[in-house]
Amino acid sequence: MTLCRRSTHSWSFFAFTRYVMSRLKGSLKPAALAGVLALVFVSNTAFAFNEELLISCALQEALAMITCKQPSEFNYMGIREGIYIYNAHYGSEYTEFYCQRYGNNVVISSRAWGAKRSAARLIIDYQSGCVVASVDKPQCSILNEAKCCGAVPAPPPPPDLDMLPGS
């Protein structure tokens with residue numbers, strides 16, 4: 001995950017700033033330095049977001065689009081061996097849903113579906129701090145994209161999946 005990307009133009013900006021600072025008189029340096037620092041921090045915003053949390057949010061929205069349920073009905077259980085695991089009441093019992101990521105592609109499956117699978121494509125936009133899950137043929141929604149951005153409330157910590165029966 002890239003927290004801060006700085007272009008090559010930024011380094012020439014810093015070299016120019018160092019040159020100008022070396023030419024200023026002693027009393028002007030603190031004011032000029034404060035102005036330059038303010039300009040750097042305001043203009044070069046770095047998005048640091050929890051990529052895993054936003055991906056789990058987007059996949060939860062995608063599951064809702066596929067299963068005709070509300071996103072809040074899916075409980076995020078955690079990640080096990082690279083597979084995002086959700087639990088929801090589906091049919092007549094609680095069922096696990098699996099979202100296995102292959103790069104930017106995701107295969108969504110459940111034991112309740114048998115051999116049926118669904119697919120989604122993840123688009124991670126670091127500049128805007130968003131994750132978009134584009135769903136192939138959602139059954140219950142006219143929208144085909146689930147989007148989560150920025151600050152998402154942290155879910156409760158998932159249980160230790162290795163301690164569950166049958167693990």
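Fair warning: this is a prediction, and the values are worked out from it, not measured in the lab. Residue numbers run from 1 in the order of the sequence given.
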> Is any side-chain heavy atom of Val135 less than 4.5 Å from a side-chain heavy atom of Leu143?
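No, every pair of side-chain atoms sits at 4.5 Å or beyond.
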
> As an exercise, state the distance from CD1 of Ile85 to OH of Tyr76, rounded to the nearest 0.5 Å.
9.0 Å

> Under the disulfide (SG to SG under 2.5 Å) definition, can you give me all pairs with a residue in residues 84-127, not counting sequence neighbours?
none

> Rounded to the nearest 0.5 Å, what's the gap from OH on Tyr98 to CD1 on Ile83? Could you check?
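Reported to 0.5 Å precision, the distance equals 8.5 Å.
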
> With a 4.5 Å limit on heavy-atom distance, are the side chains of Leu53 and Ser56 in contact?
yes

> Name all residues meeting the side-chain hydrogen bond (donor to acceptor under 3.5 Å, both in side chains) criterion together with Tyr84; count only those two or more places apart in sequence or in a different chain, and write none if there are none.
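Testing Tyr84 for side-chain hydrogen bond (donor to acceptor under 3.5 Å, both in side chains), a comparison that skips the adjacent residues, returns none.
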
> Between Ala62 and Ala146, which heavy-atom pair has the shortest distance, and what is it?
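Scanning both residues completely, I find the closest heavy atoms to be N-CB, 3.8 Å.
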
> Without placing hydrogens or testing angles, list every side-chain donor-acceptor pair under 3.5 Å for residues 100-116, not counting sequence neighbours.
from   : atom 1 : to     : atom 2 : distance (Å)
Gln100 : OE1    : Tyr102 : OH     : 3.2
Gln100 : NE2    : Tyr102 : OH     : 3.2
Arg101 : NE     : Gly103 : O      : 2.8
Asn105 : OD1    : Arg121 : NH1    : 3.4
Ser110 : OG     : Glu96  : O      : 2.9
Ser110 : OG     : Ala112 : N      : 3.2
Trp113 : NE1    : Tyr90  : OH     : 3.3

> To the nearest 0.5 Å, how far apart are CG in Asn144 and OG in Ser134?
5.0 Å

> Members other than Ile123 in its cluster, when Ile, Leu, Val, Met, Phe, Trp, Tyr link by side-chain heavy atoms under 4.5 Å?
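Once heavy-atom contacts under 4.5 Å are chained together, Ile123 belongs with Val132.
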
> Scan for salt bridge (Lys or Arg N to Asp or Glu O under 4.0 Å) pairs involving residues 55-65, sequence neighbours excluded, and state none if there are none.
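Passing the test, one end in residues 55-65: no pairs.
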
> Distance-only check: which donor-acceptor pairs under 3.5 Å involve side-chain atoms of residues 66-75, not counting sequence neighbours?
from  : atom 1 : to    : atom 2 : distance (Å)
Thr67 : OG1    : Leu63 : O      : 2.8
Lys69 : NZ     : Glu73 : OE1    : 3.3
Lys69 : NZ     : His89 : O      : 2.8

> When you compare the side chain of Leu54 with that of Ile124, does any pair of heavy atoms fall below 4.5 Å?
no

> In sequence, state the C-alpha distance, the side-chain angles, and the governing distance for Leu122 and Leu59, and then conclude on side-chain contact (heavy atoms from CB on, under 4.5 Å).
CA-CA 9 Å; Leu122 289 177; Leu59 290 176; 4.3 Å; yes

> Taking less than 2.5 Å as the test, are the sulfur gamma atoms of Cys148 and Cys130 close enough?
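A disulfide is absent here, as the SG pair of Cys148 and Cys130 is separated by 2.5 Å or more.
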
